[in-house]
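In what follows, a single structure is set out as structure tokens and then discussed.
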Amino acid sequence: MSKRFLWMGAVLPVAAMMLAGCSTFGIGANPTPVPEVEDARYATSPANIASLTEVVQRSPNDPQAYNMRGAVFGQAGRREEAIADFDKAISLDPNYTQAFANRGLVYRQMGKLDRALADYNKALSLDPSYASAYLGRGMVYREKGQLVQGLQDFNKAISIRPDNAQAYYNRGLLYQSQRQHQFAIDDFSTAITLSQQQVEPLIARGLSYMAVNDYKSAAGDLDEAVQLDKRNLQAWTSRGLAYERLGMTEKSAGSYAMALSIDQRYEAAKSGFARVGGKPGQAYQTF
């Protein structure tokens with residue numbers, strides 16, 4: 001169990017400094033238990049779903065077949081179909097731990113937090129060492145505002161799986177929301193080390209660096225983030241703020257301009273671009 005404390009003061013008003021706490025991290029903040037394939041686009045392709053449907057038709061009493069297809073439906077955003085498959089898997093095997101956890105994940109994504117919590121509780125009653133269920137339940141608790149319980153679950157997930165980047169990232173978001181930015185930075189740093197080429201923990205760490213006025217470190221993280229994902233609106237806008245605070249107007253305006261090229265209506269980028277004297281149609285050096 002971590003010895004870190006949880007300050008129960010007011011939640012950080014993220015909009016005030018554009019510290020919009022990241023909500024997604026690849027499969028991190030919304031860890032979707034899909035089949036282990038190298039290309040996620042293939043996993044959710046019509047061809048793969050059709051193939052899984054053939055498996056279900058050949059083995060209509062196999063709970064694993066329904067669970068597998070349900071996971072892919074969930075990854076594809078076809079949530080009602082995913083729920084139906086998990087329901088079927090559970091009806092065939094009432095002790096199917098992963099199907100309960102998978103259904104809990106989809107319920108959480110649908111905003112049905114009480115149902116998600118019940119499913120994660122059931123999964124953990126069946127397997128008290130199931131790290132992914134602690135992670136998922138921790139996110140439910142965080143969304144319900146039950147931060148102490150969320151912290152306990154993230155700690156438990158990490159104690160079971162110390163290499164779980166998702167748990168460190170989500171615990172970091174919880175710390176960040178409570179203005180415990182050094183704790184958040186530590187967790188985001190671990191997530192970055194464990195999960196290469198993921199943009200979300202870099203953005204999150206950059207935001208916490210800005211919160212403690214370390215704009216140079218923030219800019220470094222956000223430089224890397226925009227190179228990993230050139231269409232990431234939050235990364236470009238946050239980078240604009242970091243360079244604005246550093247007094248580097250050219251890079252700041254260029255970053256805001258890039259954000260506006262993604263979404264010209266994004267208010268945080270519009271106001272930032274105006275603050276640094278940005279002029280529409282003008283070319284700016286971003287690096």
Side-chain angles (χ1 to χ4, degrees), residues 1-4 6 19-40 43 71 74-75 98 101-102 104-105 108-109 120 123-124 127-143 147 150-178 180-212 214 217-229 232 234-235 238-239:
M1 179 68 70
S2 170
K3 294 182 180 179
R4 295 171 174 174
L6 178 67
L19 296 180
C22 306
S23 60
T24 59
F25 165 24
I27 62 169
N30 292 294
T32 307
V34 297
E36 294 184 0
V37 295
E38 293 185 2
D39 190 340
Q75 175 80 344
Q98 188 182 29
N102 287 350
L105 185 153
R108 185 181 66 78
Q109 292 173 335
Y120 284 125
L124 288 168
D127 183 358
S129 64
Y130 194 10
S132 293
Y134 284 109
L135 172 60
R137 191 174 70 175
M139 286 186 275
V140 171
Y141 280 136
R142 192 182 68 206
E143 291 181 33
L147 302 185
L151 179 63
Q152 290 171 342
D153 273 357
F154 294 143
N155 288 343
K156 185 66 174 179
I158 289 167
S159 71
I160 296 169
R161 287 282 308 278
D163 61 342
N164 192 327
Q166 303 168 14
Y168 285 103
Y169 171 71
N170 280 280
R171 190 175 69 177
L173 291 180
L174 190 153
Y175 284 136
Q176 186 182 70
S177 76
Q178 294 298 291
Q180 296 188 44
H181 289 290
Q182 191 54 61
F183 289 158
I185 287 166
D186 290 347
D187 274 352
F188 295 143
S189 297
T190 302
I192 289 165
T193 299
L194 292 171
S195 60
Q196 301 299 317
Q197 304 299 303
Q198 291 283 357
V199 68
E200 287 81 4
L202 286 165
I203 297 172
R205 190 173 68 176
L207 294 173
S208 280
Y209 275 137
M210 279 197 280
V212 297
D214 187 352
S217 294
D221 275 351
L222 295 163
D223 283 348
E224 189 173 348
V226 298
Q227 291 180 76
L228 285 173
D229 184 357
N232 192 301
Q234 186 182 22
S238 301
R239 183 178 187 264

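Of the possible polar contacts, one joining the Q176 side chain to the A204 backbone as a donor-acceptor pair under 3.5 Å is found. Of the possible polar contacts, none joining the Y168 side chain to the F154 backbone as a donor-acceptor pair under 3.5 Å is found. At distances below 3.5 Å, not a single donor-acceptor pair connects side-chain atoms of Q178 with backbone N or O atoms of L174. Between the side chain of R142 and the backbone N or O of N170, at least one donor-acceptor pair lies under 3.5 Å.
Between I160 and A131 the shortest heavy-atom distance is CG2-CB, 3.9 Å. Here the closest heavy-atom approach between residue I203 and residue A225 is recorded as CG1-CB, 3.9 Å. Taking all atoms of both residues into account, the shortest heavy-atom contact from A157 to L135 is CB-N, 4.1 Å. Heavy-atom minimum distance, A71 versus N102: CB-ND2, 4.5 Å. The two residues A184 and G172 come nearest to each other via the heavy atoms CB-O, 3.5 Å. What you find for L194 and A165 is that their closest heavy atoms are CB-CB, 3.7 Å.
Here the straight-line distance linking atom CG of L147 with atom CD of Q152 works out to 11.0 Å at 0.5 Å rounding. Atoms CG and CZ, from N232 and R239 in turn, are 12.5 Å apart once rounded to the nearest 0.5 Å. Taken from OG in S208 to CG in L173, the straight-line distance is 8.5 Å, to the nearest 0.5 Å. The distance from the CD1 atom of I158 to the CG atom of D153 is 11.0 Å, given to the nearest 0.5 Å. Interatomic distance, S129 OG to K156 NZ, rounded to the nearest 0.5 Å: 8.5 Å. A distance of 5.5 Å separates CD1 of I185 from OH of Y209, quoted to the nearest 0.5 Å.
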Check the pair R171, F183 against side-chain contact (heavy atoms from CB on, under 4.5 Å), reporting the backbone distance first and the verdict last.
CA-CA 9 Å; R171 190 175 69 177; F183 289 158; over 6 Å; no

*After noting the C-alpha distance and the side-chain angles of M210 and L222, does the key distance pass the side-chain contact (heavy atoms from CB on, under 4.5 Å) rule?*
CA-CA 11 Å; M210 279 197 280; L222 295 163; 4.2 Å; yes

- Yes or no on side-chain contact (heavy atoms from CB on, under 4.5 Å) for L202 and F188, after CA distance, side-chain angles and deciding distance? CA-CA 7 Å; L202 286 165; F188 295 143; over 6 Å; no

Would Q182 and D186 count as a side chain to side chain donor-acceptor pair (under 3.5 Å) here? Give the steps. CA-CA 6 Å; Q182 191 54 61; D186 290 347; 3.2 Å; yes

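For the pair Y141/L151, no side-chain contact is recorded, criterion being any heavy-atom separation below 4.5 Å from C-beta on. Using a 4.5 Å heavy-atom cutoff, the side chains of Q198 and Y169 are not in contact. With contacts defined as side-chain heavy-atom distances shorter than 4.5 Å, the pair L105/Y120 qualifies.
With sequence neighbours excluded, the residues forming a side chain to side chain donor-acceptor pair (under 3.5 Å) with S217 are D214, listed by chain and number.
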